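Worth saying up front: this structure is predicted, and the values here are computed from it rather than measured. This chain uses plain numbering: 1 for the first residue, then up along the sequence. Numbering of ligands and ligand atoms starts at 1, following listing order.
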Amino acid sequence: MVKNGANSEQIIGNTLIELDSVDSTNNYLSKLANRTIVENGTVILAHYQTEGKGQRGNSWESEKGSNLTFSIYLDSSFLKLSQNFLLSMMVCNSVHELIAKYTNKAFIKWPNDVLIYNKKTCGILIENSIQKAHLSQSIIGIGLNLTQKQFDINSKATSLQSHVNRSLENNKVLNKLLAILDKNYKTLSQGNQLAIKNYYYQHLLGYKTELNYEWTSTNECFVGEILELEDTGLLKMRVNKEEIKMIEMKEIRLV
Ligand code: BTN
């Protein structure tokens, strides 16, 4: 375990546990929190995950040592359950802010992917514990592709290194990202939700712009324009230039 004495003001990453290999950093943190008190902002970093978890029950594959795979334990009790998407926005914004230091071709894809051009560079999996109508703690899992060169042909993935001329060092990139996350977590927990929303909209692919989507249930294509996002993550979209629909995360995919 590493205690980051250099900057004790920093909540996120102040305690960092580095593991060579684990099933999933999200699972590790969840089990740890079940048997002991975990300090807010604790980070579990693994060089390899044997059962990395992705969104919608998918797995998350990541080449050993090439990428950042880590989870953060966060107190999210300042958010109502109905505001849970603000946490996703905060994390997406932070990853985007990091990538934007290296390339101006980074975009946020609703709900919580970060792309370079049209390829996925980072996936985020947030698992929340809830108490009545509020969140209590959240485990924020981040898989950021850093130097991996080869990806599954169907995965439409890329890594940050492919878009940067100088060599990236995993530790330095991690520390930068933790510092950005810390700043944005404080912005959100201090109540400045507007700053978080504005950044997200500013970098969101398809916001007030028409793009081609398809319905996941029928594979039917349509033209969609993102108009607004509710704090729950529900999307308000203009469909085929006329009808306005409220859309849930699994209902559509960008073509
Ligand atoms: C996605 O499907 O886009 C989300 C991927 C999230 C992957 C990260 S890697 C670190 C953390 N531990 C996991 O098991 N998953 C998340």
So how far is it from Leu235 CG to Lys245 NZ, rounded to the nearest 0.5 Å?
12.5 Å
Can you find a pair of side-chain heavy atoms, one from Ile247 and one from Trp215, that are under 4.5 Å apart?
yes
Do Asn112 and Gln55 have a side chain donor and acceptor closer than 3.5 Å?
yes
Just distance, no hydrogens or angles: give the donor-acceptor pairs under 3.5 Å from side chains in residues 97-104, sequence neighbours left out.
from	atom 1	to	atom 2	distance (Å)
Glu97	OE1	Lys183	NZ	3.2
Glu97	OE1	Asn184	ND2	3.2
Glu97	OE2	Lys183	NZ	2.8
Tyr102	OH	Lys176	NZ	3.2
Thr103	OG1	Lys105	N	2.9

How about Tyr207 and Phe107: are their ring centres within less than 6.0 Å of each other?
no
Atom-level proximity to ligand 1, residues with heavy atom under 4.0 Å:
Ser24, Thr25, Asn26, Gln49, Gly52, Lys53, Gly54, Gln55, Trp60, Thr69, Phe70, Ser71, Asp113, Lys120, Gly123, Ile124, Leu125, Gly141, Ile142, Gly143
Just by distance, no angles: are the side chains of Glu61 and Ser59 close enough, under 3.5 Å, to form a donor-acceptor pair?
yes
